[in-house]
Amino acid sequence: MSETTVTTPEGREEAVPQTVADDVADESGQSAPNVLRRLRAPRRPRLWFEILLIAVSYWTYSLIRNAVPEQKAQALRNADWIWKAEQQLGIAVEQSVNHTINAVTWLIVGMNYYYATLHFVVTLGVLVWLYRSHPGRYAATRLVLFATTGVALVGYYLFPLAPPRLMNGGGFIDTVLVHQTWGSMASGDLKHMSNQYAAMPSMHIGWSLWCGLTLFALATVPWVRVLGLLYPTATLVVIVATANHFWLDAVGGLLCLAFGYGVARVWYGALPHALPRLAHPPAPRALVPTKA
């Protein structure tokens with residue numbers, strides 16, 4: 001612990017002890033707590049940086065996800081285990097939903113395209129809306145999304161899982177192949193571009209819940225808030241109806257999202273919606289006079 005001197009009203013100089021935190025400074029002279037405070041402070045995002053960050057992050061996520069070994073045998077065993085466990089618990093509804101909705105051609109075709117497109121379109125749309133309307137909350141909310149996606153990679157590695165449509169003797173219908181629609185990177189001609197056995201957790205649910213909760217917490221228009229709640233609900237129906245996921249995969253996506261919010265809560269000291277809507281520029285540093 002170091003000391004500094006101050007001048008008393010009587011003109012005497014006295015030594016005043018400094019705290020350890022005050023004594024730890026970086027090369028620029030800022031204390032470590034101040035550095036952390038600046039890193040955590042809401043600030044207006046820079047467009048070029050955000051575009052680059054999102055592009056690189058998604059490329060990295062896809063690269064790692066597809067680099068996870070396609071452990072087909074283990075993934076099929078895990079799928080059989082989940083399906084039998086659901087049947088024993090009386091909660092195996094996926095096959096009934098899959099067959100019932102597949103009988104309505106226009107509906108299942110729409111769901112195929114929903115599965116293929118809205119996952120990206122809505123997520124990017126919410127990010128753009130946050131950037132424009134809630135710059136002070138943007139970084140924290142983006143951190144939730146990134147942390148959610150990052151921890152999902154651990155699930156893909158530790159628990160390879162085949163989707164219901166790829167189960168042996170499961171009786172599920174691959175709706176993309178049956179109706180010849182462009183609806184899944186893991187079906188048809190595109191199946192070699194994506195890891196087919198990375199179904200747990202479902203990031204369709206993780207991302208849609210992130211979108212829905214963000215809109216519900218921050219939107220001011222009532223019908224937009226309602227849509228925010230309906231979006232992940234509709235997504236759950238879609239991933240089950242198209243036989244791309246068990247509904248327990250959705251539980252995995254929910255747990256990943258909870259982890260993401262936990263990371264943001266620890267880093268920023270508050271959940272994203274509790275941070276200020278606008279980002280204020282940092283206050284100018286006070287100049288400390290030096291002795292001649």
Side-chain angles (χ1 to χ4, degrees), residues 65 68 70-120 122 148 152 155-156 158-188 190-191 194-212 229-258:
R65 181 180 187 270
V68 173
E70 287 199 359
Q71 304 174 54
K72 180 178 179 179
Q74 185 61 49
L76 290 172
R77 284 195 296 268
N78 289 340
D80 289 336
W81 178 82
I82 284 185
W83 185 232
K84 290 176 182 177
E86 287 189 359
Q87 289 176 322
Q88 291 174 356
L89 294 172
I91 57 176
V93 300
E94 291 90 340
Q95 190 181 83
S96 297
V97 174
N98 174 235
H99 283 253
T100 299
I101 297 183
N102 183 70
V104 185
T105 303
W106 66 268
L107 183 57
I108 195 61
V109 168
M111 287 188 174
N112 285 341
Y113 289 121
Y114 179 116
Y115 185 87
T117 59
L118 293 192
H119 181 49
F120 305 102
V122 176
T148 298
Y156 300 147
L158 296 179
F159 194 76
L161 180 67
R165 59 186 174 73
L166 292 182
M167 288 178 62
N168 294 323
F172 288 90
I173 300 170
D174 189 332
T175 60
V176 171
L177 292 180
V178 168
H179 298 281
Q180 299 182 347
T181 56
W182 180 76
S184 173
M185 288 291 287
S187 292
L190 298 177
K191 65 183 180 181
S194 178
N195 186 347
Q196 299 184 75
Y197 304 107
M200 171 65 87
S202 168
M203 280 299 94
H204 272 75
I205 291 298
W207 288 14
S208 66
L209 267 174
W210 175 86
C211 293
L229 296 180
L230 291 178
Y231 176 52
T233 304
T235 300
L236 176 60
V237 176
V238 167
I239 67 172
V240 171
T242 57
N244 279 293
H245 289 280
F246 296 99
W247 73 266
L248 286 179
D249 299 342
V251 176
L254 173 62
L255 294 176
C256 289
L257 183 64

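Quick note: residue numbers are just sequence positions, from 1.
Interatomic distance, CG of Leu248 versus CD1 of Ile91, reported as 5.5 Å (0.5 Å rounding). Distance check, rounded to the nearest 0.5 Å: CD of Gln196 to NZ of Lys72 gives 8.5 Å. With values rounded to the nearest 0.5 angstrom, Ile82 atom CD1 is found 12.5 Å from Gln87 atom CD. Between atom CG of residue Leu209 and atom SG of residue Cys256 there is a gap of 11.0 Å, rounded to the nearest 0.5 Å.
Counting all heavy atoms, side chain and backbone alike, Pro232 lies closest to Gly212 at CD-CA, 4.3 Å. Listed here is the closest heavy atom pair of Pro201 and Gly155: CD-CA, 4.1 Å. Of all heavy-atom pairs between Pro160 and Gln74, the closest is CG-CG, 3.9 Å. Taking each heavy atom of Pro163 and Ala243 in turn, the nearest pair found is CB-O, 3.9 Å. Closest approach of Met203 to Gly253, counting heavy atoms only: CE-CA, 4.3 Å.
Annotation: side chain of Ile101 is in contact with side chain of Val237 (closest heavy-atom distance under 4.5 Å). Ile205 has its side chain out of reach of Asp249: every pair of non-hydrogen atoms, C-beta onward, lies at least 4.5 Å apart. You'll find the side chain of Asn78 stays beyond 4.5 Å of the side chain of Tyr197, heavy atoms only. Residues Arg165 and Thr242 form no side-chain contact, since every pair of their non-hydrogen atoms from C-beta on lies 4.5 Å or further apart. Residues Tyr115 and Asn244 form a side-chain contact, since some pair of their non-hydrogen atoms from C-beta on lies under 4.5 Å apart.
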Full working for side chain to side chain contact (heavy atoms under 4.5 Å, CB included) between Thr235 and Trp207: CA-CA 10 Å; Thr235 300; Trp207 288 14; over 6 Å; no
Run the side chain to side chain contact (heavy atoms under 4.5 Å, CB included) check on Glu86 and Val93 step by step: do they pass? CA-CA 8 Å; Glu86 287 189 359; Val93 300; over 6 Å; no
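Although no hydrogens or angles enter the test, the distance criterion places no donor-acceptor pair under 3.5 Å between the side chain of Trp83 and the main chain of Pro164. In this structure, His204 contributes its side chain and His119 its backbone to no donor-acceptor pair below 3.5 Å. With hydrogens and angles disregarded, a donor-acceptor distance shorter than 3.5 Å links the side chain of Asn98 to the backbone of Ala241. In this structure, His99 contributes its side chain and Gly171 its backbone to a donor-acceptor pair below 3.5 Å.
No hydrogens or angles considered: nothing links the side chains of Asn102 and Thr175 as a donor-acceptor pair under 3.5 Å.
Using cut-offs of 30° and 60° for the angle between ring planes, the Phe246 and Phe172 rings count as perpendicular. Aromatic ring pairs are classed by plane angle as parallel below 30°, tilted from 30° to 60° and perpendicular above 60°; the pair Tyr114 and Tyr231 is tilted.
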